[in-house]
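In what follows, every heavy atom counts, from backbone to side chain, and hydrogens, waters and symmetry copies are set aside.
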Amino acid sequence: MSGIRISPCLKHARRARGTWRLLSLVLGVGAGACGPSEPEQETRTPSEARGAMASGNGLSTNGLSTNGLSTNGLSTNGLSTNGLSTNGFSDWFNQDPERANELMRYIIRCAAKENQKRKYTNPVTGEKYTWEGGLGLAHNWAQGSPATQQEQEVVSACLAAHANKFGIPVDISVLGRNARGGALAYTAQELSTFSEREACFFGNLFDGTGVFAATDRGFLGADESTARACGLASAPDQTDCLPIIHTGTCQSLCQRATEASIPMGGTLAEKKNPPADGELPYYETCTYNGRAYQPLTTRLQPRDIHRCGDGICQFTERCGSGSSADSCGADCGTCPQ
């Protein structure tokens, strides 16, 4: 669930601001040194691990960079003791410990399982950090192996899904498969609570390709707004969430997972929630510019889509005399003269 705490490279979603330099730093680091890292023992099988979950997010879009993960020592050395205990990691981390801590929080949250932690003692300052796992998307990388292409793609998609141009926390449901093909766990109640389809996220930050988003429902109407505007856009050519590039709709770019695509034997999530219409609530692949990626799919609670006229002046709405989000007289009143 939400509330995962991590120290070194990422701060809590509520404090994620101006992380662009951070992600670019992490991505641009060579072999690194961190001090002792202590991975927890694995206690669950892939199908038992919690996957899709109400995941707090607030990583600033500035925390994403397309030029770093390719040279980051962690991409080849992994997130185990050996990967974190390198001089290069220490050098990178100490350029900006606060921002580095924020980014690492999201990286571990995405890559490691929720019953795992990574601990790090800064060899320069002696300060101790603990980063908690969550989605378990890249188990082998989290255990210290070089990141496979599938791991690169799902971790990149996860970071993009948790990015928020306002740096404000909004719980989301994250759906899809981990790098080993296991479905992230979800329940019928979760799908009901997070009943609004939001977006699909895909790409690769490790090889410099970048990250992309597409809406999984119609674009926001003139009277609608949301803190999650990077996924649920108001127009197909939206450009205010860079470096996340909006590419249109999931339906036009992606193939939805179906009952026929469930791996042999299925998974815990899919056995408990067989698709009534043969379709699962997430996408299997998304293709953009001729390249196929493994995506993640997100959902929102209805309350997180703000509508002009509901009597509440949301921070995404403005005063005015109209009925649109940027001129919502009904909720925010007329603008002072």
Side-chain angles (χ1 to χ4, degrees), residues 1-4 13 49-59 106 109-110 114 134-137 154 157-166 168-178 182-202 211-221 224-234 241 244 246-258 261 267-270 272-286 293-307 316:
M1 304 296 286
S2 57
I4 294 176
R50 241 183 140 267
M53 54 199 277
S55 185
N57 67 91
L59 174 65
Y106 283 96
R109 175 187 292 184
C110 290
E114 68 172 336
L135 290 168
L137 294 169
V154 292
C158 183
L159 291 174
H162 284 81
N164 184 314
K165 74 174 184 177
F166 297 105
I168 292 176
V170 179
D171 280 348
I172 57 175
S173 170
V174 182
L175 301 157
R177 297 192 187 281
N178 62 36
L184 302 182
Y186 60 89
T187 64
Q189 180 179 355
E190 179 177 353
L191 298 182
S192 176
T193 300
F194 293 84
S195 57
E196 292 280 355
R197 291 185 177 184
E198 187 203 17
C200 50
F201 296 89
F202 53 95
V211 282
F212 312 98
T215 182
D216 195 24
R217 51 152 269 181
F219 293 100
L220 290 173
E224 295 178 316
S225 59
T226 178
R228 293 282 301 170
C230 293
L232 190 52
S234 57
C241 282
I244 298 176
H246 209 277
T247 57
T249 65
C250 302
Q251 290 84 349
S252 66
L253 297 169
C254 308
Q255 178 180 352
R256 185 170 287 279
T258 65
S261 67
T267 65
L268 184 62
E270 291 152 331
K272 287 186 175 180
N273 300 279
D277 57 359
E279 288 191 340
L280 298 171
Y282 57 87
Y283 293 92
E284 197 80 57
T285 60
C286 292
Y293 300 91
Q294 182 173 334
L296 291 177
T297 306
T298 54
R299 297 168 70 100
L300 297 175
Q301 297 179 73
R303 69 186 185 192
D304 292 315
I305 298 178
H306 310 147
R307 292 177 173 84
T316 55

Notebook entry, point to check: In Å and rounded to the nearest 0.5 Å, what is the NE2 to CG distance from His162 to Leu296?
Noted result: 9.0 Å
Notebook entry, point to check: Do the side chains of Thr249 and Phe219 get nearer than 4.5 Å, heavy atoms only?
Noted result: yes
Margin query: Using every non-hydrogen atom in the two residues, find where Leu300 and Val170 come nearest and quote the distance to one decimal.
Written below: CD2-CG1, 4.4 Å
Item checked: Nearest heavy atoms of Cys158 and Leu137, plus distance in Å -> CB-CD1, 3.6 Å
Note to self: Run the side-chain contact (heavy atoms from CB on, under 4.5 Å) test on Phe201 and Val211 for me, step by step, so that the C-alpha distance in whole Å, both residues' side-chain angles and the decisive distance to 0.1 Å come before the verdict.
What the structure shows: CA-CA 7 Å; Phe201 296 89; Val211 282; over 6 Å; no
Check: Would you call Glu284-Arg256 a salt bridge at under 4.0 Å N-O?
Finding: no
Note to self: For Glu224, is there an ion pair with Arg307 - N to carboxylate O distance below 4.0 angstrom?
What the structure shows: yes
Note to self: Using modelled atom types and a 3.5 Å cut-off, is there a donor and acceptor pairing between side-chain atoms of Arg228 and backbone atoms of Ile305?
What the structure shows: no
Margin query: Under the criterion side-chain contact (heavy atoms from CB on, under 4.5 Å), I'd like the reasoning laid out for Arg299 against Leu175: C-alpha separation, chi angles, the key distance, then a yes or no.
Written below: CA-CA 8 Å; Arg299 297 168 70 100; Leu175 301 157; 3.3 Å; yes
Margin query: Test side-chain contact (heavy atoms from CB on, under 4.5 Å) on Asn178 and Leu135; report intermediate values, then the result.
Written below: CA-CA 8 Å; Asn178 62 36; Leu135 290 168; over 6 Å; no
Checklist line | Test item: side-chain donor near acceptor, Ser192 and Ser195, under 3.5 Å | finding: no
Next item on the list: Verify, without hydrogens or angle tests, whether Thr193 (side chain) and Glu190 (backbone) share a donor-acceptor contact under 3.5 angstrom.
Entry: no
Next item on the list: Determine, step by step, whether Asp304 and Asp171 satisfy the side-chain contact (heavy atoms from CB on, under 4.5 Å) criterion, reporting the C-alpha distance in whole Å, the side-chain angles of both residues, the deciding distance to 0.1 Å, and the verdict.
Entry: CA-CA 9 Å; Asp304 292 315; Asp171 280 348; 5.6 Å; no
Item checked: Donor-acceptor under 3.5 Å (Thr298 side chain, Ala199 main chain) -> yes
Checklist line | Student check: side-chain heavy atoms of Arg197 and Thr215 closer than 4.5 Å | finding: no
Next item on the list: Return the minimal non-hydrogen interatomic distance between His246 and Ala233, and the atom names on each side.
Entry: NE2-CB, 3.4 Å
Margin query: Would you say CD of Glu196 has more than 12 non-hydrogen atoms from neighbouring residues, nucleotides or ligands within 6.0 angstrom?
Written below: yes
Check: Can you tell me if the gamma sulfurs of Cys250 and Cys286 fall under 2.5 Å?
Finding: no
Notebook entry, point to check: Are Glu198 and Arg217 ion-paired here, with the side-chain N under 4.0 Å from a carboxylate O?
Noted result: no
Check: Do you know the tightest heavy-atom contact between Ile244 and Cys230?
Finding: CD1-CB, 4.3 Å
Check: Are Tyr186 and Leu191 side-chain neighbours, meaning at least one heavy-atom pair lies under 4.5 Å?
Finding: yes
Notebook entry, point to check: Between atom CG of Asp216 and atom SG of Cys200, what is the distance when rounded to the nearest 0.5 Å?
Noted result: 6.0 Å
Checklist line | Note, Arg177 side chain near Val154 side chain (heavy atom, < 4.5 Å) | finding: no
Check: Hey, is the main chain of Tyr283 close enough, under 3.5 Å, to the side chain of Thr297 for a donor-acceptor pair?
Finding: yes
Check: So, does Thr258 use its side chain to make a donor-acceptor pair with the main chain of Glu279 at under 3.5 Å?
Finding: no
